[in-house]
Amino acid sequence: MLEIKNLHARIGEKEILRGVNLTVPDGEIHAIMGPNGAGKSTLSYVLSGRDGYEVTEGEVIYNGQNILDLPPEDRAAAGIFLAFQYPVELPGVGNANFLRTALNAVRRKRGQEELDAVAFLKLARAAVKSLHMKEDFLKRNVNVGFSGGEKKRNEMLQMALLKPGLAILDETDSGLDIDALKIVAEGVNALRAPDFSALVITHYQRLLDHIVPDVVHVLAAGRIVRSGPKELALELEARGYAGLEAA
Amino acid sequence: MSTTTVQDLAEQKYKYGFTTDIAMEEFPRGLNEDIIRLISAKKNEPEWMLEWRLKAYAAWLTMEEPDWARIHHPPIEYQALYYYAAPAKAAPKSLEEVDPELLKTYEKLGIPLNERAALAGVAVDAVFDSVSVATTFRETLAKAGVIFCPISEAVREHPELVRQYLGSVVPVRDNYFAALNSAVFSDGSFVYVPKGVRCPMELSTYFRINARNTGQFERTLIIADEAASVSYLEGCTAPMRDENQLHAAVVELVALDEAKIKYSTVQNWYPGDAEGKGGIYNFVTKRGACRGRNSKISWTQVETGSAITWKYPSCVLQGDGSVGEFYSVAVTNNYQQADTGTKMIHLGKNTTSTIISKGISAGHSDNTYRGLVRIAASASGARNYTQCDSLLIGDQCGAHTVPYIESRNTSAKVEHEATTSKIAEDQLFYCRSRGLSQEDAVGLIVNGFCKDVLKELPMEFAVEAQKLLSVSLEGSVG
């Protein structure tokens with residue numbers, strides 16, 4: 001379970017998050033919607049521990065542990081996964097090598113046995129297949145020369161292998177065509193389980209047709225201003241975000 | 001092969017003073033003709049070799065230290081150095097006396113326990129159980145007719161080959177450090193691969209410590225006769241201690257018609273401490289001559305050690321259709337300085353050369369690529385491709401690229417690409433958000449950056465080199 005309590009955070013002098021309160025129980029998928037500049041990406045970076053974001057108040061408890069003092073790699077090991085809005089290119093680093101290094105780093109910290117090359121490849125190939133990706137995906141350099149859709153699929157592949165307890169999707173749907181959108185949705189839906197939860201950050205409602213959320217929250221000006229059932233997304237789509245900040 | 005290789009080299013370590021050796025008293029500091037005579041006599045060299053050394057010494061006296069490289073160091077007191085072997089007074093007596101940082105590095109690199117003491121310069125009296133391996137090694141090479149022995153032995157056993165080729169690629173007067181080396185060279189490897197023979201194994205300084213105390217003024221000569229091929233591995237991933245601060249090695253390669261030589265180096269001499277104190281000054285002259293038609297010489301180097309690296313492995317492409325390659329990774333951290341690159345001299349028709357250089361600077365270090373591509377008027381159809389990439393870690397370090405291109409033939413094609421980049425914060429965060437530690441992330445990114453070079457290394461060496469790159473850059477970020 002993820003509990004965000006009165007979270008304030010800033011970049012430099014600029015306060016972006018101004019008291020976010022949010023609870024995501026295990027097994028649930030919550031969507032966070034909101035206008036540009038509301039703090040959606042900041043929230044995802046603060047949760048995953050990126051440098052440069054200073055938390056000035058509040059706490060984030062994940063499975064009983066305050067994670068704000070943990071470096072990003074320890075949060076990953078604790079089960080938090082951030083799917084990037086703009087996945088980063090790593091020239092010269094083979095995807096398989098990257099995935100195996102990451103997976104083994106996480107397994108080591110979780111007290112699980114590391115996978116040898118053979119066991120890893122078996123696992124990775126199965127995951128590649130289930131995401132309808134070509135096998136040469138594993139041989140290519142991480143995100144280098146990938147199309148937008150391929151990059152997002154690669155995020156889903158990483159997520160499938162790292163098996164997070166909490167997935168944060170930071171506008172993973174931006175720039176995707178409908179086929180790629182479905183693949184992202186399948187990637188998340190495949191992980192649905194009583195011990196898996198997700199925060200789906202999105203600007204548009206359309207992703208939520210494919211990943212049906214249990215709760216929809218509206219983030220505006222650094223606070224959650226409304227929460228409601230999945231129908232709230234449709235309402236926002238119809239009426240826009242105008243006026244919400246005052247709510 | 002007439003005598004042992006590995007065993008000889010192993011034994012030299014004892015001979016040259018990691019035990020108290022009274023004979024050391026006969027070799028005072030400084031350099032003069034008498035010292036050279038003593039060196040030559042100690043090695044039972046024939047008269048011609050002594051004369052060669054003396055001629056080199058006379059030349060050296062008239063020369064001056066080059067000052068064009070982007071390096072800075074206090075003046076080297078040549079008369080304060082030992083030219084045969086330094087007394088071992090400073091050698092630690094046990095591992096307890098060795099810098100714990102050095103020991104930690106050995107552990108990270110996975111150096112076997114029994115090798116650590118020797119590498120750290122501890123006066124050990126048992127080396128490796130290497131005799132059986134050495135024997136198999138020797139027999140296989142002998143069957144193929146390959147000569148692989150210490151150069152001091154080649155001077156005695158194969159004088160015709162040594163006289164023909166020694167100094168033929170790097171002349172005695174080539175440069176200040178080459179002249180010095182020619183006068184006082186300690187030892188090194190000699191390789192001759194006869195016509196049509198493909199050397200059946202990688203010739204390596206497999207026994208990591210075998211270069212100890214010959215590293216100072218090492219001299220290597222490799223000859224691949226017509227249609228012969230050989231791959232030679234030099235160096236060691238473990239940071240080696242050496243009491244001698246100045247190193248001035250010379251390596252000469254000769255490839256005749258259709259011959260191929262691949263020369264791979266991992267250099268990790270002691271770089272000095274984090275404040276820049278101590279460390280080896282490494283002034284190396286490496287050059288290969290592609291004398292024959294369609295011959296090929298390929299240099300691959302991974303340079304991570306030394307306080308100062310001054311080194312330009314080069315190819316002289318004489319034979320028509322000959323090929324020269326240079327693949328380099330140079331890493332500098334803390335206060336290290338590297339000025340390294342290559343020279344590709346195109347003389348023959350349709351000669352081609354490829355230069356891939358990856359420089360990584362961290363800490364307060366300075367890393368310069370300096371390269372010359374010269375196309376002579378005779379080199380119709382010559383081609384060169386050069387790619388120089390620099391990666392900066394932190395904002396206190398420097399990366400410099402100094403390419404010289406001279407073309408005297410209008411049919412030649414010369415391409416040069418250069419990039420400079422920094423390890424981006426988003427790359428690090430991306431890796432860390434997937435569970436990699438900061439240091440593993442840097443290692444992964446740096447190894448990716450160097451991939452085009454690392455893939456040229458023989459498999460086993462490449463794995464060690466990858467580990468080495470990560471260890472060399474530890475603590476450089478964050």
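Chain A is the first sequence line, chain B the second, and so forth, proteins listed ahead of strands; every chain is numbered from 1.
Contacts of A:Pro87 with chain B are made by both backbone and side-chain atoms, with heavy-atom separations under 4.5 Å. Proximity to chain B (any heavy atom under 4.5 Å) is shown, for A:Ala78, by neither the backbone nor the side chain. Residue A:Leu82 touches chain B through both its backbone and its side chain, counting heavy-atom pairs closer than 4.5 Å.
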Check: every donor-acceptor pair under 3.5 Å linking chain A and chain B:
unit_1	atom_1	unit_2	atom_2	d
A:Arg50	NE	B:Glu425	OE1	3.3
A:Arg50	NE	B:Glu425	OE2	3.3
A:Arg50	NH2	B:Glu425	OE1	2.7
A:Glu73	N	B:Arg432	O	3.4
A:Glu73	OE1	B:Arg432	NE	2.7
A:Glu73	OE1	B:Arg432	NH2	3.0
A:Glu73	OE2	B:Arg432	NH2	3.3
A:Leu82	O	B:Arg434	NH1	2.8
A:Leu82	O	B:Arg434	NH2	2.9
A:Glu89	O	B:Gln427	NE2	3.1
A:Asn141	OD1	B:Lys451	NZ	3.2
A:Asn143	ND2	B:Tyr430	OH	3.2
A:Glu155	OE1	B:Arg434	NH2	2.7
A:Glu155	OE2	B:Tyr430	OH	2.3
A:Gln158	OE1	B:Arg434	NE	2.3
A:Gln158	OE1	B:Arg434	NH2	3.4
A:Gln158	NE2	B:Tyr430	OH	3.0

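Within the 4.5 Å cutoff, no side-chain heavy atoms of B:Cys431 are placed close to those of A:Val93.
Ranking A:Pro71, A:Pro91, A:Ala77, A:Gly49 against chain B, the residue ahead of the rest is A:Pro91, based on heavy-atom pairs under 4.5 Å. The residue among B:Cys450, B:Ala424, B:Gly448, B:Ala441 with the most heavy atom pairs within less than 4.5 Å of chain A is B:Gly448. Between chain B and the residues A:Ala105, A:Gly94, A:Gly52, A:Ala102, the most heavy-atom pairs under 4.5 angstrom are made by A:Ala102.
Scored by the side chain to side chain contact (heavy atoms under 4.5 Å, CB included) test, A:Asn63 finds A:Asp26 as partners (sequence neighbours excluded).
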